[in-house]
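Report on the structure given below.
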Amino acid sequence: LQVVESGGALVQSGGSLRLSCVVSEITEDYYAIGWFRQAPGKEREGIGCIATSYGSTFYKDSVKGRFTISRDSAKNTVYLQMNDLKPEDTGVYYCAGEERYFSDQYYSVHCFTRRFFTSWGRGTQVTVSS
């Protein structure tokens, strides 16, 4: 499984942006896609993920209610819709993929950790100006 993210841009505080993650070389029926971000000088953190088994989504508290992850199965694309953006959302955003099947309970805990995912994109820059 391979992933390529895009859509990063410079936006004003309070604005919206949608990132895309195109998934290819899929070999299993189910997979999970996670979104991570890395702010300057900080560790890469998981902010949410989607599991294709039941379409379940999971979010970090800091983005819950503002960010939405969705999937277009026909296009093999996962989206990260970001609303009400804040300067602290600035960073490089990565999507990551993992083809192993797990329960939603397992995803809810592990899909926020970097080591859960084996395939990574190169990242796309999101800058939110105040």
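Here, residue 1 is the first one in the sequence, and each next residue gets the next number.
- For the pair R44 and Y94, the cation-pi criterion (under 6.0 Å, within 45° of the ring axis) is fulfilled.
- A donor-acceptor pair under 3.5 Å links the side-chain atoms of E5 to the main chain of C95, judged by distance alone.
- Relative to the six-membered ring of Y93, R37 misses at least one condition, a distance below 6.0 Å or an angle of at most 45° to the axis.
- Tracing side-chain contacts under 4.5 Å through hydrophobic residues (I, L, V, M, F, W, Y), one never reaches Y79 starting from Y59; they form parts of separate clusters.
- Within 6.0 Å of the OH atom in Y106, the count of heavy atoms belonging to other residues, nucleotides or ligands exceeds 12.
- T90 places a side-chain N or O within 3.5 Å of a backbone atom of V128 that can act as its donor or acceptor partner.
- A donor-acceptor contact closer than 3.5 angstrom is absent between the side chains of S129 and Q12.
- K86 and D89 are not joined by a salt bridge, as no carboxylate oxygen comes within less than 4.0 angstrom of a charged side-chain nitrogen.
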### Query
Do F102 and F116 pass the ring pair (Phe, Tyr, Trp, His ring centres under 6.0 Å) test, and can you show the C-alpha distance, the side-chain angles, and the key distance before you say yes or no?
CA-CA 11 Å; F102 295 101; F116 177 78; 5.5 Å; yes
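- Using modelled atom types, one finds a donor on one side chain and an acceptor on the other under 3.5 Å when comparing T127 with Q125.
- By the 30° and 60° cut-offs, the orientation of the rings of W120 relative to F117 is perpendicular.
- Using a 30° and 60° split on the angle between ring planes, Y107 and F58 fall in the tilted class, from 30° to 60°.
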### Query
What's the verdict on side-chain hydrogen bond (donor to acceptor under 3.5 Å, both in side chains) for T77 and D72, showing C-alpha distance, side-chain angles and the deciding distance?
CA-CA 5 Å; T77 301; D72 184 332; over 6 Å; no
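- Residues F36 and I50 do not share a hydrophobic cluster, clusters being chains of Ile/Leu/Val/Met/Phe/Trp/Tyr side chains in contact below 4.5 Å.
- Under the 3.5 Å distance criterion, with hydrogens and angles disregarded, a donor-acceptor pair is assigned to the side chains of S56 and D104.
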### Query
Run the side chain to side chain contact (heavy atoms under 4.5 Å, CB included) check on E45 and K60 step by step: do they pass?
CA-CA 9 Å; E45 63 171 349; K60 186 172 181 177; 2.3 Å; yes
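- Criterion: ILVMFWY side-chain heavy atoms under 4.5 Å apart, direct or through other members. Under it, V3 and I26 are part of a common hydrophobic cluster.
- Here OG of S103 is found 8.5 Å from NE2 of H110. Values are rounded to the nearest 0.5 Å.
- Within the 4.5 Å cutoff, the side chain of I33 has no heavy atoms near those of the R71 side chain.
- A donor-acceptor pair is defined here as one N or O able to donate and one able to accept, closer than 3.5 Å; no such pair exists between the side chain of T113 and the backbone of C111.
- No single ILVMFWY cluster, assembled from side-chain heavy atoms under 4.5 Å apart, contains both V78 and V22.
- For W35 and F67, the ring centers are positioned 6.0 Å apart or more.
- In the hydrophobic cluster analysis, where Ile, Leu, Val, Met, Phe, Trp and Tyr join through side-chain heavy atoms closer than 4.5 angstrom, Y31 is grouped together with L80.
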### Task
Output, in order, the C-alpha distance, side-chain angles, deciding distance and verdict of side-chain hydrogen bond (donor to acceptor under 3.5 Å, both in side chains) for E98 and T118.
CA-CA 6 Å; E98 176 55 51; T118 54; 3.0 Å; yes
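- Between the S119 side chain and the L1 main chain, a donor and an acceptor come within less than 3.5 Å of each other.
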